[in-house]
Amino acid sequence: QVQLVESGGGLVQAGDSLRLSCAASGGTFSNYGVGWFRQAPGKEREFVAAISWSGRSTDYANGVKGRFTISRDNAEKMVYLQMNSLRPEDTAVYYCAAVLKGVAVSSAKRYDYWGQGTQVTVSS
């Protein structure tokens, strides 16, 4: 069983940067692929980025490519989402999720464990 806790959200202006963190506990973290998803009010949860259990593979949603970077530190049991050039449309609750032996999985249905989320608000 893996527990995930997100942090790093906040209120920023358009064009600013934020780094979200996902701290894992329990289980063997290096066995899990991790993804970031987000959900804006009135919208469905959508894929943002994912990284494989090894860290060698990543995937990004089209709308964040070139602006967001996902990374992981297996020794520290952490996954990060560096978000640059933030836009108002990036406003959402951001969740990290873990899937056993996942290889940059973009489908939310594949994930086994979820964090509680962290709010990101980008003002124009």
Side-chain angles (χ1 to χ4, degrees):
Q1 186 109 10
V2 175
Q3 292 80 44
L4 303 169
V5 178
E6 303 93 337
S7 62
L11 172 63
V12 297
Q13 293 186 331
D16 286 351
S17 298
L18 275 178
R19 188 177 80 155
L20 304 185
S21 299
C22 175
S25 61
T28 302
F29 181 63
S30 58
N31 286 344
Y32 289 83
V34 175
W36 284 96
F37 294 79
R38 65 187 182 188
Q39 188 166 19
K43 294 187 177 181
E44 293 186 354
R45 190 171 297 189
E46 65 175 2
F47 169 71
V48 176
I51 189 165
S52 63
W53 58 273
S54 67
R56 287 194 287 266
S57 297
T58 58
D59 191 20
Y60 296 90
N62 287 335
V64 307
K65 283 181 181 176
R67 300 189 298 124
F68 292 10
T69 302
I70 189 170
S71 61
R72 68 186 296 159
D73 183 337
N74 283 342
E76 296 295 325
K77 296 187 176 182
M78 297 290 294
V79 173
Y80 304 99
L81 185 68
Q82 178 66 43
M83 306 187 296
N84 298 329
S85 302
L86 283 162
R87 304 167 180 169
E89 54 263 39
D90 294 319
T91 295
V93 177
Y94 283 71
Y95 301 88
C96 67
V99 55
L100 184 63
K101 290 297 185 182
V103 183
V105 178
S106 61
S107 172
K109 296 179 181 179
R110 293 276 311 277
Y111 285 83
D112 304 306
Y113 305 102
W114 292 82
Q116 294 301 306
T118 184
Q119 176 71 47
V120 172
T121 303
V122 184
S123 64
S124 57

Atom pairs and distances, donor-acceptor, side-chain atoms in residues 91-102, under 3.5 Å, two or more places apart:
residue, atom, partner, partner atom, Å
T91, OG1, P88, O, 2.9
T91, OG1, V122, N, 2.9
T91, OG1, V122, O, 3.4
Y94, OH, R38, NH1, 2.9
Y94, OH, D90, O, 2.6

Inset, instruction - Spell out, yes or no, whether I70 and F68 are grouped together once hydrophobic residues are joined by side-chain heavy atoms under 4.5 Å, including indirect joins. - result: yes
Legend entry - Where W114 and A108 come nearest, the two heavy atoms and their spacing: CZ2-O, 3.6 Å
Inset, instruction - Rounded to the nearest 0.5 Å, what's the gap from OH on Y80 to CG on D73? Could you check? - result: 5.5 Å
Inset, instruction - Can you run down the side chain to side chain donor-acceptor pair (under 3.5 Å) pairs that involve residues 49-66, sequence neighbours left out, and say none if there aren't any? - result: S52-S54, N62-K65
Legend entry - Main-chain N/O of S85 paired to R67 side chain as donor or acceptor, under 3.5 Å: yes
Using residues 13-36 as the side-chain source, report each donor-acceptor pair under 3.5 Å to any protein atom, sequence neighbours left out, with the distance given to one decimal.
residue, atom, partner, partner atom, Å
D16, OD2, Q13, N, 3.1
S17, OG, N84, OD1, 2.9
S25, OG, Q3, OE1, 3.3

Inset, instruction - Taking all non-hydrogen atoms of both residues into account, name the closest pair between L81 and A49 and its distance. - result: CD1-CB, 4.1 Å
Inset, instruction - State yes or no: do V64 and L86 share one hydrophobic cluster built from I, L, V, M, F, W and Y residues joined by side-chain heavy-atom distances below 4.5 Å, directly or via other members? - result: yes
Legend entry - Any donor-acceptor N/O pair, E6 side chain to Q116 backbone, under 3.5 Å: yes
Inset, instruction - Establish whether V12 and M83 are linked, either directly or via other cluster members, by ILVMFWY side-chain heavy-atom contacts under 4.5 Å. - result: yes
Legend entry - Those residues that, when tested against Q39, pass side-chain hydrogen bond (donor to acceptor under 3.5 Å, both in side chains) (two or more places apart): none
Legend entry - Approximate separation, where rounding is to 0.5 Å, of E46 CD and S106 OG: 12.0 Å
